[in-house]
Chemist: 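Handing you a structure now.
Every chain is numbered from 1 and lettered A, B, ... according to where its sequence line falls, protein lines coming before strand lines. A quick note: this is a predicted structure, and the numbers were derived from the prediction, not measured. What's counted below: heavy atoms across the whole structure, side chains too, no hydrogens, waters or symmetry copies.
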Number of protein chains: 2
Amino acid sequence: MEHSGMNVRNGPRTGPARERELLLLGLLRKREMHGYQLSEFMENHLGLFFDIKKATAYNLLGKMEKKGWVTSRKEQEGKRPPRKVFAITPEGEALFQELLRGALPEYRRPAFPGNVPMLFMDALPPEELHELLDLRREAIRERMVALETHLDHIAHPLFDHQLLVLSAEQKWVEDLLKGLGE
Amino acid sequence: MEHSGMNVRNGPRTGPARERELLLLGLLRKREMHGYQLSEFMENHLGLFFDIKKATAYNLLGKMEKKGWVTSRKEQEGKRPPRKVFAITPEGEALFQELLRGALPEYRRPAFPGNVPMLFMDALPPEELHELLDLRREAIRERMVALETHLDHIAHPLFDHQLLVLSAEQKWVEDLLKGLGE
DNA sequence: TTGTACATGTAATTGGTTACATGATTAC
DNA sequence: GTAATCATGTAACCAATTACATGTACAA
């Protein structure tokens with residue numbers, strides 16, 4: 001079912017699924033894991049940075065197995081539900097290396113969907129705008145506190161990144177508030 | 001075709017389409033426009049911040065018309081293709097107000113898919129890592145230059161936001177490089 | 001005469017989430 | 001006995017993009 005001739009040379013992977021593949025491969029590279037475990041790990045340790053749902057992980061793992069990037073073996077422990085333990089293959093490792101080198105030097109524009117309403121601040125009466133912006137400031141602050149108290153240093157540099165970005169956002173909102181006459 | 005009983009109380013809208021609806025409504029609120037025009041406007045003036053494709057805009061406008069948030073009238077100018085000019089309705093205006101007040105005070109976590117590879121920096125030999133991070137730094141710098149020279153001040157505060165975030169990212173990468181022993 | 005801008009729209013596909021289905025084990 | 005945790009997976013759906021289809025006008 002390879003779609004004909006043209007474009008078989010599927011060069012350096014692009015597209016939105018790329019990062020998730022990289023993420024799963026990179027984690028499996030350190031140690032083999034079963035889907036549930038992987039999913040929990042991401043939720044517990046990487047949930048502040050990335051956001052992947054269980055079903056997504058299971059689906060992706062299935063596809064990646066079909067493509068030969070990972071293999072799985074059944075594992076039964078006691079009477080618990082049987083696990084499907086995934087391990088990265090040499091092809092998977094090669095892809096990982098390629099994806100990593102492709103993605104690392106690139107700048108991928110982050111998405112700030114939460115900024116859309118900022119386009120229309122002029123639609124609100126100044127006092128109400130002030131009030132709402134103040135709430136936003138508070139929401140950002142709360143998030144910073146949450147970050148700082150959640151001292152799980154597994155993902156260290158990303159942690160710093162988050163803090164830097166959050167303080168930039170904080171400053172921005174504060175400047176806006178000042179501009180409104182605090 | 002309203003899906004039955006439960007949940008008819010569709011309270012303050014949430015979900016991913018929310019911002020795009022807000023965006024389209026907010027723009028139509030200032031003046032009526034046809035799809036192509038709207039789409040071009042977003043590309044030219046808001047393309048640095050948000051990213052909506054033509055087909056998406058056309059589709060959304062169609063749906064929003066069905067829901068009664070906008071109306072359209074045909075307009076023929078000379079022999080050019082006929083235009084479908086959209087205008088916001090009172091219901092649309094009400095929704096706009098609701099969406100705006102709902103979204104403004106919230107903090108929506110931005111997505112940084114480009115940071116996934118940063119999790120796996122330890123998989124690379126230090127000199128190569130240094131090289132790749134340097135390219136990333138350069139990519140960020142280029143983007144800042146592009147922003148600064150693109151002096152289209154329509155979206156003023158968002159512009160500042162972008163710059164603040166970019167310099168945070170820049171600083172982050174530079175700190176990483178320093179940590180590697182510049 | 002070739003290409004770009006204008007103008008709208010549909011179809012196919014991708015990517016992801018929610019909701020559903022199953023079932024044993026452990027904790028309260 | 002009832003809820004939460006462990007464990008996997010599918011089906012339905014939603015959102016968005018790409019690719020396709022159509023056709024005129026104008027500029028190179």
Chemist: Which listed nucleotide (C/dT17, C/dA7, D/dT8) is nearest to the side chain of A/R83?
Modeler: D/dT8

Chemist: Figure out the CD/P separation between B/E19 and D/dA16, and round it to whole Å.
Modeler: 9 Å

Chemist: Do the side chains of B/K67 and B/E21 get close enough for a salt bridge, i.e. N-O under 4.0 angstrom?
Modeler: no

Chemist: For C/dC6, does OP1 or OP2 lie under 4.0 Å from any side-chain N or O of B/Y36?
Modeler: yes

Chemist: Please state how far atom CD in A/E43 lies from atom P in D/dA7, giving the value in whole angstrom units.
Modeler: 14 Å

Chemist: Given that A/P81 and A/K63 both sit by DNA chain C, which one's nearest nucleotide is further toward the 5' end?
Modeler: A/K63

Chemist: Tell me whether the OP1 or OP2 atom of D/dA25 has a side-chain N or O from B/R80 closer than 4.0 Å.
Modeler: no

Chemist: Please check this pair: side chain of A/T89 against backbone of A/G68, looking for a donor-acceptor N/O pair closer than 3.5 Å.
Modeler: yes

Chemist: Counting side-chain heavy atoms from C-beta on, which of C/dT10, D/dA7, C/dG9 comes nearest to A/H34?
Modeler: D/dA7

Chemist: In whole angstrom, what separates B/D51's CG from D/dA15's P?
Modeler: 18 Å

Chemist: What are the two closest non-hydrogen atoms of B/Y58 and B/G35, and how far apart are they?
Modeler: CE2-CA, 4.0 Å

Chemist: Quick one: B/L61 CG to D/dA16 C1', roughly how many Å, whole number?
Modeler: 14 Å

Chemist: For A/F86 and D/dA7, what is the distance between atoms CZ and C1' respectively, to the nearest whole Å?
Modeler: 12 Å

Chemist: Using a cut-off of less than 4.0 Å, is there contact between a side-chain N or O of B/Y58 and OP1 or OP2 of C/dT8?
Modeler: yes

Chemist: Out of C/dT17, D/dG9, D/dA7, which nucleotide sits closest to the side chain of A/R20?
Modeler: C/dT17

Chemist: Within less than 4.0 Å of OP1 or OP2 of C/dT8, is there a side-chain N or O belonging to B/K54?
Modeler: no

Chemist: Please report the distance, rounded to the nearest Å, between CD in A/Q76 and P in D/dC6.
Modeler: 17 Å

Chemist: Please report, rounded to the nearest Å, how far the P atom of C/dA5 is from the CG atom of B/N44.
Modeler: 11 Å

Chemist: Ignoring hydrogens and angles, tell me if any N or O in the side chain of A/W172 forms a donor-acceptor pair with the backbone of B/P157 under 3.5 Å.
Modeler: yes

Chemist: Measuring to OP1 and OP2 of D/dT8, would you say a side-chain N or O of A/K74 lies under 4.0 angstrom away?
Modeler: no

Chemist: For A/K53 and D/dT10, give me the distance from atom NZ to atom C1', rounded to whole Å.
Modeler: 18 Å

Chemist: List the atom of A/L27, the atom of A/M33, and the distance in Å for their closest heavy-atom pair.
Modeler: O-CE, 3.9 Å

